[in-house]
Amino acid sequence: MNNTEETRSLHFIEEIIEEDLKSGKHSGKILTRFPPEPNGYLHIGHAKSICLNFGLAQKYNGRCNLRFDDTNPLTEETEYVDSIRKDIQWLGFDWEDREFYASDYFGQLYEWAILLIKKGLAYVDDHSAEEVAESRGTPTRPGKESPFRNRSVEENLDLFIRMNKGEFPDGTKVLRAKIDMASPNMHMRDPVMYRIKHAVHHRTGNKWCIYPMYDYAHGQSDFIEGITHSICTLEFEVHRPLYDWFLDNIIDDPLVNFSRTRQYEFARLNLNYTVMSKRMLLKLVKENYVNGWDDPRMPTISGLRRRGYTPESIRDFADRVGVAKRENVIDMSLLEFCIREDLNKKAQRILTVINPLKVIIENYPEGQTEELEAVNNPEDEIMGTRHVPFSRTIYIERDDFMEDPPKKYFRLSPGNEVRLRYAYFIKCNKVIKNANGDITELRCSYDPQSKGGKSPDGRKVKGTIHWVSVQHAIETEIRLYDRLFLKEDPAEAGVNQTFIDNLNPDSLQIVKGYTEPCASEARPFDKFQFERLGYFCVDPDSDSGKLVFNRTVTLRDSWAKISSR
RNA sequence: UGCCUCGUGGUGUAAUUGGCAACACGUCUGACUCUGGAUCAGAAGAGUCCAGGUUCGAGCCCUGGCGAGGCAGCCA
């Protein structure tokens, strides 16, 4: 109860919860839920919602349920259920034994539908989908009542029961709530409660021929579980009157009604240079614009995991973006900041060259090798040190040499001494080129007195560059990623174009890298900082013969800023 | 020309019962440094969508505009 954590101002949902707690509305027990539909993989936007719902439960000593919203058998699959469970766990949240499915409640929902029919509040409509749409009107024009709206309770009961028995083909009948066809809120114009679908459901098989709609299922599912605060995104704001209408008409006990579940809406997360809609993500996967849901360029949780993001960094990000009702677009740089900050503290440093230029140190004895001591993580002393082999022929980064450097360039150039990290000072004596004039090799000399990178005479070198001994280096595959889309808002496409036209053709670049031998023991998802280059993560595509690294994010690069000016 | 929600630095989020607009990311300086990383110090950048009104005093209250997003699936 002492620091910033406690003094930080509350967001609007926390305020509501604290008021409810104070008034004793829920007897001190907060119950939230995360309700994904298992029809796709979770993305960073879901992560915001997961962190919100589970985080609120943690903060207020409550619980958070996982509930799969599986009311549409046509699009839902167990593959998605499995991926969702894995992603939530990986993020660090635990729903314990409270894994529920809307389909668990199909029986109860059916009973309540019967109740509403008996109350004269629901009816079977024989209209086709087109006719229903037609008679619903538009936002600015009221709808018209269906000719089937005033069927008797008996007839509705009979028809509804037979709908479920499978006596009618798909699309021939629906059960509708009888509310108000002239309501200014479209969702109150006799919304569909049940539709006929002779389809196999991933959990209930072919037990049911009818399936409830989201609006009819969601609030009642919340009620059944005893959810206190049902948090969803802004587009459901206009559904709230309907959410309340169903419960108002199902529950008689005013005491229960007083403390029952309420829906609150917050603004979903948007990130620039990427897309978050399931439809678009599905298209990227199905049409092979990316390599699966867990492609490291995807904003999916599985993609971010494979890219090298940590659960901690994502939770931190979710924390920093805040919770409000205003439409927002978060800068990708914030996400990158969060992963850098986390990995800076944790990642083992190693030297890796990804764009090699061969350097021969002419005055270093041929055939000689030595082991130099290197720090594993300057931010964390207990990570210790390691030995890095050095020899006469090394690779340095091609960018770390310029024959004709600009003013503030303080890496290697003719006549300019630099330090090889943890090794020696070297100077460039000769530049060797091929017939095209491309630099193919450098001849350098080293100062034996500068072993370990220290200058015996106190002379300073401005630049320190990384390197790797050619004969000891491990060759690896390195996947360099850039933003998936060229535009901040990929959905903003020109005429006859779609978001696909905004894909960045250079979002993936595969190169060879040469890394220190100590990396040979690395396992998939191990994370490293390649000094001066960025954070990299071992890809599961790696096998015993070949290491594959994904670049998670580059280091902050102030030279890039200077040189681009 | 309906209904709902929302307008605060480039971005996001704050601002007790009205009282000098704050924090973070980003940007820019400088210091330090065996990573042009990290760290440290500092700066620029909004007068709160607009116009009225109430008030000693308005980002907060009132009125009227304007703008943005959502809603017309038998999707969620």
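Below, chain A is the first sequence line, B the second, and so on; all start at residue 1. It should be emphasised that the depicted structure is a prediction, and the values quoted were computed from it without experimental measurement.
Atom P of B/rU16 sits at a distance of 27 Å from the matching atom of B/rC4, rounded to the whole Å. Straight-line distance between the C1' atoms of B/rU13 and B/rU54: roughly 30 Å, to the nearest whole Å. For the P atoms, the distance from B/rC60 to B/rG9 is 14 Å, rounded to whole Å. With C1' as the reference atom, B/rC23 and B/rG69 are 27 Å apart, rounded to whole Å. When the P atom is compared between B/rA38 and B/rU29, the two are found 15 Å apart, to the nearest whole Å. Comparing the C1' positions of B/rG7 and B/rC49 gives an interatomic distance of 6 Å, to the nearest angstrom.
Within the 4.0 Å cut-off from OP1 or OP2 of B/rC4, not a single side-chain nitrogen or oxygen of A/R240 is found. An OP1 or OP2 oxygen of B/rU13 is reached within less than 4.0 angstrom by a side-chain nitrogen or oxygen of A/R326. OP1 or OP2 of B/rG36 lies within a sub-4.0 Å distance of a side-chain N or O belonging to A/R532.
Pairing for B/rU63 goes to B/rA51, judged as Watson-Crick or G-U wobble with the two contacts each under 3.5 Å. B/rA22 is paired with B/rU13 under the criterion used here, namely a Watson-Crick or G-U wobble arrangement in which both key atom distances are under 3.5 Å. Checking B/rC3 for Watson-Crick or G-U wobble geometry (two distances, each under 3.5 Å) identifies B/rG70 as its partner.
Taking atom CE of residue A/M181 and atom P of nucleotide B/rA72, one finds them 14 Å apart after rounding to whole Å. We find that CZ of A/F317 is positioned 12 Å from P of B/rG12, with the value rounded to whole Å. Rounded to an integer number of Å, the gap from CD1 of A/I339 to C1' of B/rG37 is 15 Å. Atoms CD (A/E18) and P (B/rU16) sit 15 Å apart, rounded to a whole Å. The CG atom of A/L334 sits 10 Å away from the C1' atom of B/rG26 (whole-angstrom rounding). If you take NZ of A/K462 and P of B/rC32, they are 9 Å apart, rounded to a whole angstrom. B/rU33 atom C1' lies 18 Å from atom NE2 of A/H466, rounded to whole Å. In this entry the distance linking CG of A/D380 with P of B/rU39 reads 15 Å, nearest Å.
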Step-by-step side-chain hydrogen bond (donor to acceptor under 3.5 Å, both in side chains) determination, A/E131 to A/S128
CA-CA 5 Å; A/E131 289 167 314; A/S128 67; 3.2 Å; yes
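The side chain of A/S9 lies closest to B/rA14 when the candidates are B/rG36, B/rG26, B/rA14. Checking B/rA72, B/rC3, B/rG12 against the side-chain heavy atoms of A/M186 singles out B/rA72 as nearest. Of all nucleotides listed (B/rU5, B/rG37, B/rU11), B/rG37 comes nearest to the side chain of A/R349. Among the nucleotides B/rA38, B/rU11, B/rG7, the one closest to any side-chain atom of A/N344 is B/rA38. The side chain of A/W559 approaches B/rG36 more closely than any other nucleotide in the set B/rU5, B/rG36, B/rG26. The side chain of A/F337 lies closest to B/rG26 when the candidates are B/rG26, B/rG37, B/rU27. Closest to the A/N328 side chain, of the nucleotides B/rC25, B/rU35, B/rG12, is B/rG12. Checking B/rC28, B/rU35, B/rU13 against every side-chain atom of A/A324, the shortest atom distance belongs to B/rU13.
A/H198 contributes a side-chain N or O that, together with a main-chain N or O of A/F168, makes up a donor-acceptor pair within less than 3.5 Å. Put simply, the side chain of A/Y123 never gets that close to the backbone of A/S146: no donor and acceptor are under 3.5 Å apart.
Between A/K408 and A/A267, the one whose closest nucleotide on RNA chain B sits nearer the 5' end is A/A267. RNA chain B is contacted by both A/E341 and A/N377; A/N377 maps to the nucleotide lying nearer its 5′ end (nearest heavy atom per residue).
The residue A/V321 sits close only to the backbone: its heavy atoms come under 4.0 Å of sugar-phosphate atoms, none of a base. Residue contacts shown for A/F266 are absent, as no nucleic acid heavy atom lies under 4.0 Å away.
If you check distances only, the side chain of A/Q529 does reach the base of B/rU35 with a donor-acceptor pair under 3.5 Å.
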Using the 3.5 Å cut-off, write out each protein N or O paired with an N or O of nucleotides 73-76 of chain B and the distance between them.
unit_1: B/rC74; atom_1: OP1; unit_2: A/R136; atom_2: NH2; d: 3.2
unit_1: B/rC74; atom_1: OP2; unit_2: A/R136; atom_2: NH2; d: 2.8
unit_1: B/rC74; atom_1: N4; unit_2: A/H127; atom_2: O; d: 2.8
unit_1: B/rC74; atom_1: N4; unit_2: A/A129; atom_2: N; d: 3.0
unit_1: B/rC74; atom_1: N4; unit_2: A/G171; atom_2: O; d: 3.1
unit_1: B/rC75; atom_1: OP2; unit_2: A/R195; atom_2: NE; d: 3.0
unit_1: B/rC75; atom_1: OP2; unit_2: A/R195; atom_2: NH2; d: 2.8
unit_1: B/rC75; atom_1: OP2; unit_2: A/K197; atom_2: NZ; d: 3.3
unit_1: B/rC75; atom_1: O3'; unit_2: A/R195; atom_2: NH2; d: 3.1
unit_1: B/rC75; atom_1: O2'; unit_2: A/N72; atom_2: ND2; d: 3.1
unit_1: B/rA76; atom_1: OP1; unit_2: A/T71; atom_2: OG1; d: 2.6
unit_1: B/rA76; atom_1: OP1; unit_2: A/R195; atom_2: NH1; d: 3.4
unit_1: B/rA76; atom_1: OP1; unit_2: A/R195; atom_2: NH2; d: 2.9
unit_1: B/rA76; atom_1: OP2; unit_2: A/Y214; atom_2: N; d: 3.0
unit_1: B/rA76; atom_1: O4'; unit_2: A/E37; atom_2: OE1; d: 3.4
unit_1: B/rA76; atom_1: O3'; unit_2: A/D69; atom_2: OD2; d: 3.3
unit_1: B/rA76; atom_1: N6; unit_2: A/H239; atom_2: NE2; d: 3.3

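In this model, a donor atom of one side chain and an acceptor atom of the other lie less than 3.5 Å apart for A/E265 and A/Q263.
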